[in-house]
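Report on the structure given below.
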Amino acid sequence: MASLQDGTQTEASARRPAGALEAEVMAALWASDGAMTAAAVHQAVGGDLAYKTVLTVLGRLHAKGLVDRESAGRAHAYTPRQAAAEAAAEQMNAALRRGPQPAEVLQRFVDTLDADEHAALRALLEARD
């Protein structure tokens, strides 16, 4: 991370990693009981994020087909097209398909599970048999 000599971060080093803003906005939408306006998402995400940035991220998510948008007065209200678990499972499947050795990826994933997660995975696999 780049920093100035006095220890403060430069603007470039203070940026979030790629996809982090979209993930934060999606987390806010998934946590909501219903559709959210950009203002509501901005409030839920909080921090130093500018309102216009939230609007931009929501527009990108809509263009990618990840959220639905409907008119809400003079604004728009957004809802995720998939549940959080569905989206996570899709990402996991995509990661498996990208790699040359899916079994090795699965093994490394299983190795990172704690005892409760391991038991849950085992129960799910046994239920499929």
Side-chain angles (χ1 to χ4, degrees):
M1 205 183 255
S3 62
L4 300 175
Q5 287 183 342
D6 67 0
T8 60
Q9 293 182 347
T10 62
E11 182 179 331
S13 69
R15 291 186 180 157
R16 289 171 174 85
L21 284 177
E22 288 183 2
E24 288 179 45
V25 169
M26 289 302 297
L29 291 171
W30 282 320
S32 175
D33 291 334
M36 295 178 78
T37 62
V41 172
H42 182 249
Q43 184 176 3
V45 172
D48 59 347
L49 201 57
Y51 175 76
K52 285 184 123 183
T53 302
V54 171
L55 281 174
T56 300
V57 171
L58 286 166
R60 288 180 181 161
L61 291 169
H62 181 259
K64 290 179 179 182
L66 298 174
V67 298
D68 288 323
R69 177 173 68 192
E70 61 186 43
S71 291
R74 293 179 50 182
H76 288 101
Y78 298 84
T79 54
R81 286 197 177 166
Q82 293 180 310
E86 253 183 299
E90 212 171 82
Q91 290 173 348
M92 292 167 70
N93 278 320
L96 284 174
R97 282 187 242 112
R98 277 193 305 267
Q101 298 175 334
E104 185 177 338
V105 173
L106 282 171
Q107 180 62 55
R108 291 183 183 272
F109 172 72
V110 169
D111 290 344
T112 66
L113 299 177
D114 66 26
D116 290 339
E117 294 164 337
H118 192 269
L121 179 58
R122 183 176 298 283
L124 288 169
L125 291 172
E126 288 173 358
R128 291 191 61 121
D129 291 338

(message) Let me check something: do Leu125 and Val110 share a hydrophobic cluster, defined by ILVMFWY side-chain heavy atoms less than 4.5 Å apart, either directly or through other members?
(response) yes
(request) Using modelled atom types only, decide if a donor and an acceptor are shared between the side chain of Thr53 and the backbone of Leu49 within a distance under 3.5 Å. (result) no
(request) Give a yes or no on whether the backbone of Gln101 and the side-chain of Glu104 come within a donor-acceptor separation of less than 3.5 Å. (result) no
(request) Would you please test Glu70 and Tyr78 for side-chain contact (heavy atoms from CB on, under 4.5 Å) and show each step? (result) CA-CA 7 Å; Glu70 61 186 43; Tyr78 298 84; over 6 Å; no
(message) As an exercise, state the distance from CG of Leu58 to CG of Leu21, rounded to the nearest 0.5 Å.
(response) 11.0 Å
(request) Using atom types as modelled and distance alone, determine if a side-chain donor or acceptor of Ser71 lies under 3.5 Å from a backbone N or O of Gly73. (result) no
(message) Are the side chains of Met26 and Val67 in contact, using a 4.5 Å heavy-atom criterion?
(response) yes
(request) Report yes if the side chains of Asp111 and Gln107 come closer than 4.5 Å at any heavy-atom pair, otherwise no. (result) yes
(message) Any non-hydrogen side-chain atom of Arg97 less than 4.5 Å from a side-chain atom of Asn93?
(response) yes
(request) Locate the shortest heavy-atom distance separating Pro102 from Leu96; write the atom from each residue and the value. (result) O-CD2, 3.6 Å
(request) Locate the shortest heavy-atom distance separating Ala87 from Trp30; write the atom from each residue and the value. (result) CB-CZ2, 3.7 Å
(message) Would you say that Thr37 contacts His76 through its side chain, given a criterion of any heavy-atom pair below 4.5 Å between the two side chains?
(response) no
(request) Measure the shortest side-chain to side-chain distance between Leu29 and Thr79 over non-hydrogen atoms and say whether it is less than 4.5 angstrom. (result) no
(message) According to a hydrophobic-cluster definition based on side-chain heavy atoms being under 4.5 Å apart (Ile, Leu, Val, Met, Phe, Trp, Tyr only), do Leu121 and Val105 belong together?
(response) no
(message) Regarding Arg81 and Glu86, does a basic nitrogen lie under 4.0 Å from an acidic carboxylate oxygen?
(response) no
(message) So, taking the atom named CG in Leu61 and the one named CZ in Arg69, what distance separates them when rounded to the nearest 0.5 Å?
(response) 11.0 Å
(message) So which atom in Leu55 and which in Ala38 form the shortest heavy-atom distance, rounded to 0.1 Å?
(response) CD2-CB, 3.4 Å
